[in-house]
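A short worksheet on the structure shown next.
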Amino acid sequence: MGNWGGTAVAHATVAELREFAAGTGFTGVDGDADLGGGWSALYYADQPDGGAAAALARRTWAPVLTVVYLDGDVGFVEGATVAGGQWKALLNRDMAEDYEIPVERFPVEAALAGALDWAAAAGLTADPDGIRGALTGSEAFAEDLTDRLLGALGINPAAPGEEGA
């Protein structure tokens, strides 16, 4: 059985991210990770409908990235900045087509532009080719593409065994 939950990443401590996520309506938090450089990740079962990343960005006062997983096969990415910039992307597009998800609603070039703006707002040095590779790549698990995307955005995703509880 795959992952039906999600991941939230923000420039905040793990404790702050947990507190702000709970106050924003994220539920079923079952893990977290310190990603280094002031960035943290939170793993959860459910998030509020519509605009979860933007709501969390307003609470943390920092750029936020959320990814909601469809059985671990597909990832729905939402990025938001404090200034109101938002972008969306789809991870594992080939698998998304198998689910009959209209991938044309998630244009790669628009997502790439949004991701680069997001990274700049976060003070990160992004790798455009790496971001494009994550957005167009195919993996057995969408979580692997999330890690590739985070790395390309300039955030070091947690290595195996670094996750907290």
Non-neighbouring partners of R132 that pass salt bridge (Lys or Arg N to Asp or Glu O under 4.0 Å), sequence neighbours left out: E109
Flag side-chain contact, heavy atom, 4.5 Å: F76 against F106: yes
Would you find a donor on one side and an acceptor on the other, under 3.5 Å apart, between the side chain of T7 and the backbone of V67? no
If hydrophobic clusters are built from ILVMFWY residues whose side chains come within less than 4.5 Å, do L56 and V14 share one? no
Minimal heavy-atom distance between I131 and A115, with the atoms involved, is CG2-CB, 3.9 Å
Name all residues meeting the salt bridge (Lys or Arg N to Asp or Glu O under 4.0 Å) criterion together with R148; count only those two or more places apart in sequence or in a different chain, and write none if there are none. E139
Tell me the side chain to side chain donor-acceptor pair (under 3.5 Å) pairs involving residues 87-103, sequence neighbours left out? D73-Y99
Taking the side chain as every heavy atom from C-beta outward, state whether V74 and I101 have any atom pair closer than 4.5 Å. yes
Pairwise distance CH2(W39) to OG1(T13) - rounded to 0.5 angstrom: 13.0 Å
Give me the atom names and distance for the closest heavy-atom approach of A33 to Y43. CB-OH, 3.7 Å
Which pair of non-hydrogen atoms, one from A111 and one from L135, has the smallest distance, and what is that distance? CB-CD1, 3.8 Å
Do you know the tightest heavy-atom contact between S40 and A12? OG-O, 2.6 Å
Would you confirm whether W118, through its side chain, and V64, through its main-chain N or O, come within 3.5 Å as a donor-acceptor pair? yes
Partners of E78 by side-chain hydrogen bond (donor to acceptor under 3.5 Å, both in side chains), sequence neighbours excluded? none
Atom pairs and distances, side-chain donor-acceptor, residues 120-130, under 3.5 Å, sequence neighbours left out:
unit_1: D127; atom_1: OD1; unit_2: D129; atom_2: N; d: 3.2
unit_1: D127; atom_1: OD1; unit_2: G130; atom_2: N; d: 3.2
unit_1: D127; atom_1: OD2; unit_2: G130; atom_2: N; d: 3.4

Give, for atom CG of L42 and atom CG of D30, the distance between the pair rounded to the nearest 0.5 Å. 8.5 Å
When every non-hydrogen atom of Y44 is compared with those of A8, the smallest separation belongs to CE2-N, 3.5 Å
Start with the C-alpha distance between D46 and F26, add both sets of side-chain angles, then the distance that settles side-chain contact (heavy atoms from CB on, under 4.5 Å), and finish with yes or no. CA-CA 6 Å; D46 198 20; F26 289 75; over 6 Å; no
side-chain contact (heavy atoms from CB on, under 4.5 Å), that's the test. Do L17 and D32 meet it? Break it down for me. CA-CA 9 Å; L17 185 53; D32 53 50; over 6 Å; no
4.5 Å side-chain heavy-atom contact, T146 and V77: no
How far apart are the closest heavy atoms of L65 and G79, and which atoms are they? CD1-CA, 4.2 Å
Other cluster members, V82 - Ile/Leu/Val/Met/Phe/Trp/Tyr, side-chain contacts below 4.5 Å: W61
Is there a donor-acceptor pair under 3.5 Å between the side chain of H11 and the backbone N or O of T60? no
Measuring from atom CG of L150 to atom CG of L145, what distance do you get when rounded to the nearest 0.5 angstrom? 11.0 Å
